[in-house]
A.B. asks: 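What follows is a structure written as structure tokens; I'll ask about it next.
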Protein chains: 2
Amino acid sequence: MDSFGEIIKRFRESNGLFLRQVAAKMDIDQAIISKFERGERKPTKEQVQKFARFYKIEEEKLMIAWLSDKVAYELVEEKNHYKILSVAEQKIRFLKIKKKV
Amino acid sequence: MDSFGEIIKRFRESNGLFLRQVAAKMDIDQAIISKFERGERKPTKEQVQKFARFYKIEEEKLMIAWLSDKVAYELVEEKNHYKILSVAEQKIRFLKIKKKV
DNA sequence: GTTTGTTTTGACAATATAGGTCAAATATAG
DNA sequence: CTATATTTGACCTATATTGTCAAAACAAAC
């Protein structure tokens, strides 16, 4: 249940890298990476993919963390979050079927 | 499992109102309401509340439809949507507990 | 306590996304 | 064809998100 930020921070540290180094190699401002790691800012989808490649993390895994962060952030202040999620699930299933036809 | 748009359209029609009339009373451009009804645009939270009051729909019900639309729209193109939703659910639960402390 | 190296913060700019307005186009009914 | 209702699309504005940079804060070493 890790957040995107926790994951990329863990990988950075286990590789013994400084923000400065990651920033240079990935060509992303280090202030932003610092904010990603602490969940203060959300990366774009392209950045998520870039991090997956950089740290050799399975892209799907990182994507799940990132998207679930977004959904959680969007609903945490709302009532009935469980209901909202289950209705959303039904709608997604319906939409996915519809598109294939 | 209705979308926000389907709900407000149903209420408008069952009240025998034209878009023009709703638009005038609610002070929202009728083109926008037309787009809401067909899901082409998403209303703001304030507008959702306004529609709930206008049609005397239970606000929670409309809010659930609106938020689940947003989540569904956000995830429909993604893989692993079920996994994403279940991780999001855990994260929300965790965050809600954390806030109360 | 000052030097050196790292991370965090915050103000501001740039960009992207969402929402609003309006008039014209397209139904639909008579 | 006329009249009324809805939809579409182009354009504009507002808001939210992301990027940049320099300074502040933190930490370890000495």
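Note that the structure is a prediction, hence the values are computed from the model and not measured. Within every chain, numbering begins at 1; the chains are lettered A, B, ... in the order of the sequence lines, protein sequences first and strands thereafter.
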A.B. asks: Please determine whether a side-chain nitrogen or oxygen atom of B:Arg41 lies at a distance below 4.0 Å from atom OP1 or OP2 of D:dG9.
C.D. replies: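 Checking D:dG9 against B:Arg41, no side-chain N or O comes under 4.0 Å of OP1 or OP2.
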A.B. asks: Around atom NZ of B:Lys83, are there more than 12 heavy atoms of other residues, nucleotides or ligands at under 6.0 Å?
C.D. replies: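 Atom NZ in B:Lys83 is not crowded, with 12 or fewer foreign heavy atoms closer than 6.0 Å.
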A.B. asks: Please identify each residue that fulfils side chain to side chain contact (heavy atoms under 4.5 Å, CB included) with B:Lys79, with sequence neighbours left out.
C.D. replies: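 Counting only residues at least two positions away or on another chain, B:Lys79 forms a side chain to side chain contact (heavy atoms under 4.5 Å, CB included) with A:Glu60.
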A.B. asks: For B:Tyr73 and B:Asp27, take the nucleotide of DNA chain C holding the closest heavy atom to each; which residue's nucleotide lies nearer the 5' end?
C.D. replies: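 This one resolves to B:Tyr73.
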A.B. asks: Between B:Lys9 and A:Lys42, name the one whose nearest nucleotide on DNA chain D is closer to the 5' end.
C.D. replies: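 Whichever sits nearer the 5' end wins; that is B:Lys9.
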A.B. asks: In whole angstroms, how far is the P atom of D:dC26 from the CD atom of A:Gln30?
C.D. replies: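 Atom-to-atom, A:Gln30 to D:dC26, this comes out as 17 Å.
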A.B. asks: How close or far is atom P of D:dA27 from atom CZ of A:Arg20, stated in whole angstroms?
C.D. replies: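 Those two atoms, CZ and P, are 18 Å apart.
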A.B. asks: Chain B on DNA chain C: first and last contacting nucleotide, 5' to 3', under 4.0 Å to a heavy atom?
C.D. replies: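 The protein-touched segment is C:dG19 to C:dC22.
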A.B. asks: Does any donor-acceptor pair link the side chain of A:Lys35 with the base of D:dG19 at a separation under 3.5 Å?
C.D. replies: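 No.
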A.B. asks: In whole angstrom, what separates B:Arg38's CZ from D:dA5's C1'?
C.D. replies: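 After rounding, the gap between these two atoms is 13 Å.
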A.B. asks: Parallel under 30°, tilted from 30 to 60°, perpendicular over 60°: which one fits the rings of B:Phe36 and B:Phe51?
C.D. replies: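 Ring orientation, 0 to 90° scale: perpendicular.
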A.B. asks: Does the Lys NZ or Arg CZ of B:Lys25 fall within the cation-pi geometry relative to B:Phe54 - under 6.0 Å from the ring centre and within 45° of the axis?
C.D. replies: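 No, cation not above the ring by the 6.0 Å, 45° rule.
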A.B. asks: Distance check needed: D:dA5 P versus B:Glu37 CD, whole Å only.
C.D. replies: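 Value for this atom pair: 14 Å.
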A.B. asks: Does some side-chain heavy atom of B:Leu85 sit less than 4.5 Å from a side-chain heavy atom of B:Val71?
C.D. replies: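 Yes, close enough: below the 4.5 Å cut-off.
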A.B. asks: Show, in sequence, the C-alpha distance, side-chain angles and deciding distance for A:His81 and A:Val76, and conclude whether the side chain to side chain contact (heavy atoms under 4.5 Å, CB included) test is met.
C.D. replies: CA-CA 7 Å; A:His81 76 271; A:Val76 69; over 6 Å; no
A.B. asks: Rounded to the nearest angstrom, tell me the gap between atom CD1 in A:Ile32 and atom C1' in D:dT20.
C.D. replies: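 Distance, rounded to whole Å: 7 Å.
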A.B. asks: Side chain of B:Ser34: nearest nucleotide among D:dT6, D:dT7, D:dT18?
C.D. replies: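 So the nucleotide nearest the side chain must be D:dT7.
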A.B. asks: Through what angle, rounded to 10 degrees, does the axis of the helix from C:dG1-D:dC30 to C:dG30-D:dC1 turn between its ends, using five pairs per end?
C.D. replies: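 Roughly 30° between the end axes, to the nearest 10°.
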A.B. asks: Once you round it to whole Å, what is the distance between P of D:dT17 and CD of A:Gln47?
C.D. replies: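 Result: 14 Å.
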A.B. asks: Kindly point out which of D:dG9, D:dC21, D:dT4 is positioned nearest to the side chain of A:Asp29?
C.D. replies: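 Looking only at side-chain atoms, A:Asp29 lies closest to D:dC21.
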A.B. asks: Return the minimal non-hydrogen interatomic distance between A:Lys50 and A:Asp27, and the atom names on each side.
C.D. replies: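 Heavy atoms only, the tightest pair is NZ-O, 4.3 Å.
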A.B. asks: For B:Leu19 and D:dA5, give me the distance from atom CG to atom P, rounded to whole Å.
C.D. replies: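 Interatomic distance, CG of B:Leu19 to P of D:dA5: 10 Å.
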A.B. asks: Atom CD of B:Glu46 to atom C1' of D:dT15: distance rounded to whole Å?
C.D. replies: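 It works out to 12 Å between those atoms.
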A.B. asks: With no hydrogens and no angle check, is any side-chain donor or acceptor of A:Lys91 less than 3.5 Å from a backbone partner on B:Lys70?
C.D. replies: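 No, A:Lys91 side chain to B:Lys70 backbone: no donor-acceptor pair under 3.5 Å.
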A.B. asks: Among B:Leu19, B:Ile7, B:Ile32, which residue satisfies the side chain to side chain contact (heavy atoms under 4.5 Å, CB included) criterion with B:Glu37?
C.D. replies: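 Looking at B:Leu19, B:Ile7, B:Ile32, the match for B:Glu37 under the side chain to side chain contact (heavy atoms under 4.5 Å, CB included) is B:Leu19.
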